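The next block holds one structure in the form of structure tokens; read it before the comments.
Below, chain A is the first sequence line, B the second, and so on; all start at residue 1. Since the model is a prediction, treat every value here as computed from it, not as a measurement.
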2 protein chains.
Amino acid sequence: MSEKLTSSLEDYLEAICVFIKKNSTVRAIDIARILNVSRASTTEALKKLSEKGLINYGRYDAISLTKNGEELAELIIEKHNSLYEFFAKVLGSSHDEAQENACKIEHIISPDAMRRIVAFTNYYSKKYGDEFVKKIDL
Amino acid sequence: MSEKLTSSLEDYLEAICVFIKKNSTVRAIDIARILNVSRASTTEALKKLSEKGLINYGRYDAISLTKNGEELAELIIEKHNSLYEFFAKVLGSSHDEAQENACKIEHIISPDAMRRIVAFTNYYSKKYGDEFVKKIDL
DNA sequence: ACATATTGTTAGGATAGACTAACATTACTA
DNA sequence: TAGTAATGTTAGTCTATCCTAACAATATGT
């Protein structure tokens with residue numbers, strides 16, 4: 001049931017979840033635009049996510065997340081956000097830079113390293129707040 | 001001339017460089033073992049690296065790096081080592097964990113984020129040395 | 001409700017990466 | 001040096017991802 005997703009499918013799932021939270025619905029074309037892929041590629045990805053039981057979806061049908069899909073999406077988003085915080089707050093990357101790196105790394109970092117980054121970020125933002133980065137001259 | 005390599009080809013190139021530094025020569029099978037791929041896959045990768053002018057290589061021939069190949073390999077290895085340091089020293093990951101994460105992230109992290117990680121690691125290892133990790137209870 | 005625009009799907013093709021199995025070459029060793 | 005083992009190559013296949021172009025369904029505006 002819960003075989004690991006590819007990076008690509010994780011991106012689709014994540015995009016679906018984020019979009020639904022903001023707009024309550026998603027269409028294939030919304031996802032296509034967000035991920036900068038064709039509508040055809042999106043259809044294909046939706047089929048796969050559906051087969052894996054992560055979204056409810058049928059031909060010309062509305063898209064929604066299943067329980068499993070939502071749980072998994074939340075995990076991915078959580079990783080994304082933690083990485084974003086780390087890059088933005090701790091390393092002082094720009095918004096876009098932090099987003100880009102978080103987007104890529106969220107799919108490949110190990111759970112242990114992720115935990116360490118979260119702990120690290122928490123420790124430092126508590127201790128130094130936003131001023132931290134300025135201390136080390138990047 | 002210098003189109004960007006895929007993550008996979010970067011891995012091959014890196015492995016070749018590291019192996020040559022230790023043993024002065026490499027064979028396809030050495031690479032295959034290091035990267036855990038078949039000899040056939042290695043042959044294919046060698047052809048591509050050769051086409052891109054990064055290695056000297058012909059059928060049943062010895063493998064060596066070109067000037068360009070060596071330069072590029074060094075850059076990748078440098079990124080790898082810096083990421084390893086960050087995970088091992090700053091976050092306190094185990095050797096294997098640090099290696100694994102460095103291996104994956106080296107191919108996708110942005111140059112800017114890489115610079116920040118290097119600066120960060122230097123700052124902290126100077127300031128706290130190996131004792132740093134213990135302070136934040138990971 | 002009908003024409004048009006938008007969105008979704010399918011078919012077909014490309015690229016990258018990996019694999020196995022069969023075969024070619026090279027290296028070792030008795 | 002002959003035979004075997006090790007290594008390298010090729011051919012053919014697979015999966016994942018993306019694309020375009022053509023077509024199907026739905027939504028919209030008058």
Side-chain angles (χ1 to χ4, degrees), chain A residues 2-16 19-20 22-65 69 72 76 100 103-104 106-108, chain B residues 2-16 19-20 22-65 72 76 100 103-108:
Chain A
S2 65
E3 334 123 52
K4 219 182 154 300
L5 291 189
T6 60
S7 297
S8 174
L9 288 183
E10 283 191 358
D11 278 333
Y12 284 100
L13 186 64
E14 188 183 10
I16 290 166
F19 198 95
I20 286 179
K22 258 198 202 130
N23 310 276
S24 72
T25 54
V26 224
R27 296 167 307 164
I29 200 174
D30 301 319
I31 304 306
R33 283 180 184 138
I34 291 167
L35 299 181
N36 247 295
V37 294
S38 68
R39 299 194 307 273
S41 299
T42 303
T43 298
E44 212 176 328
L46 292 174
K47 281 185 196 161
K48 285 186 190 162
L49 290 174
S50 171
E51 276 163 23
K52 291 172 190 296
L54 299 170
I55 64 173
N56 304 115
Y57 160 78
R59 253 177 131 228
Y60 298 103
D61 240 33
I63 299 162
S64 63
L65 291 164
L72 182 48
I76 298 164
E100 273 172 41
C103 267
K104 294 185 232 147
E106 68 192 10
H107 305 299
I108 58 175
Chain B
S2 66
E3 334 123 53
K4 217 181 153 300
L5 292 188
T6 61
S7 297
S8 175
L9 286 183
E10 284 192 357
D11 278 334
Y12 284 100
L13 186 64
E14 187 183 10
I16 290 166
F19 198 95
I20 285 179
K22 260 200 202 126
N23 309 276
S24 72
T25 54
V26 224
R27 298 168 305 163
I29 200 173
D30 300 318
I31 304 305
R33 283 180 183 136
I34 291 167
L35 299 182
N36 246 297
V37 294
S38 67
R39 299 193 309 272
S41 300
T42 303
T43 298
E44 211 176 327
L46 292 175
K47 281 185 198 161
K48 286 185 190 163
L49 290 174
S50 172
E51 277 164 23
K52 290 172 191 294
L54 299 170
I55 64 174
N56 305 114
Y57 161 77
R59 254 178 130 226
Y60 298 103
D61 241 31
I63 300 163
S64 63
L65 291 165
L72 182 47
I76 298 164
E100 273 172 42
C103 268
K104 294 185 230 148
I105 294 173
E106 67 192 12
H107 305 300
I108 59 176

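OP1 or OP2 of C:dG8 has not a single side-chain nitrogen or oxygen of A:Thr43 nearer than 4.0 Å. When the side-chain nitrogen and oxygen atoms of A:Ser41 are compared with OP1 and OP2 of D:dC18, none of them lie within a distance under 4.0 Å. Contact annotation: A:Arg33 side-chain N/O to C:dT7 OP1/OP2 distance is under 4.0 Å. B:Arg59 has no side-chain polar atom (N or O) that falls below the 4.0 Å cut-off from OP1 or OP2 of D:dT9. Phosphate contact (OP1/OP2 of D:dC23, side-chain N/O of A:Tyr60, threshold under 4.0 Å): absent. Contact annotation: A:Lys48 side-chain N/O to D:dT15 OP1/OP2 distance is not under 4.0 Å. Contact annotation: B:Tyr12 side-chain N/O to C:dA18 OP1/OP2 distance is under 4.0 Å. At D:dT9, none of the side-chain N or O atoms of B:Lys47 fall inside 4.0 Å of OP1 or OP2 (strictly under the cut-off). Contact annotation: B:Arg39 does not reach the phosphate of C:dT20 (side-chain N/O to OP1 or OP2, under 4.0 Å). Phosphate contact (OP1/OP2 of C:dA18, side-chain N/O of B:Ser8, threshold under 4.0 Å): present.
Taking both residues in full, the closest heavy atoms of A:His107 and A:Glu10 are given as ND1-OE1, 2.7 Å, listed atom of the first, atom of the second, then distance. In terms of heavy atoms, B:Cys103 sits closest to B:Asp11 at O-OD1, 4.4 Å.
Heavy atoms of A:Ala40 sit under 4.0 angstrom from at least one base atom. Among the atoms of the strands shown, none is found under 4.0 Å from any heavy atom of A:Asp11. The residue A:Asn36 sits close only to the backbone: its heavy atoms come under 4.0 Å of sugar-phosphate atoms, none of a base.
Taking the side chain as every heavy atom from C-beta outward, A:Leu49 and A:Leu5 approach each other to under 4.5 Å. Considering only heavy atoms from C-beta on, A:Thr6 stays 4.5 Å or farther from A:Tyr12 through its side chain. In this structure the side chain of B:Leu9 never reaches within 4.5 angstrom of the side chain of B:Leu54, judged on heavy atoms.
Put simply, CG on A:Asp61 is 11 Å from P on D:dA27, counting in whole angstrom units. Counting to the nearest Å, the P atom of D:dT7 and the CD1 atom of B:Ile34 are 13 Å from each other. In this structure, A:Leu9 places its CG atom 9 Å from P of D:dA16, rounding to the nearest Å. What separates NE2 of A:His107 from P of D:dA16 is a distance of 17 Å, to the nearest Å. Remark: C1' of C:dT15 and NZ of B:Lys52 are 11 Å apart, rounded to the nearest angstrom. Per the geometry, NZ belonging to A:Lys4 stands 16 Å off C1' belonging to D:dT15, to the nearest Å. When the P atom of D:dC18 is taken as reference, atom CG of A:Leu35 falls 8 Å away, rounded to whole Å. The distance between atom CD of A:Glu44 and atom C1' of D:dA21, rounded to the nearest whole Å, is 16 Å.
Each of B:Ile34, B:Ile20, B:Leu65 was scored for a side chain to side chain contact (heavy atoms under 4.5 Å, CB included) with B:Val26, with one residue passing: B:Ile20.
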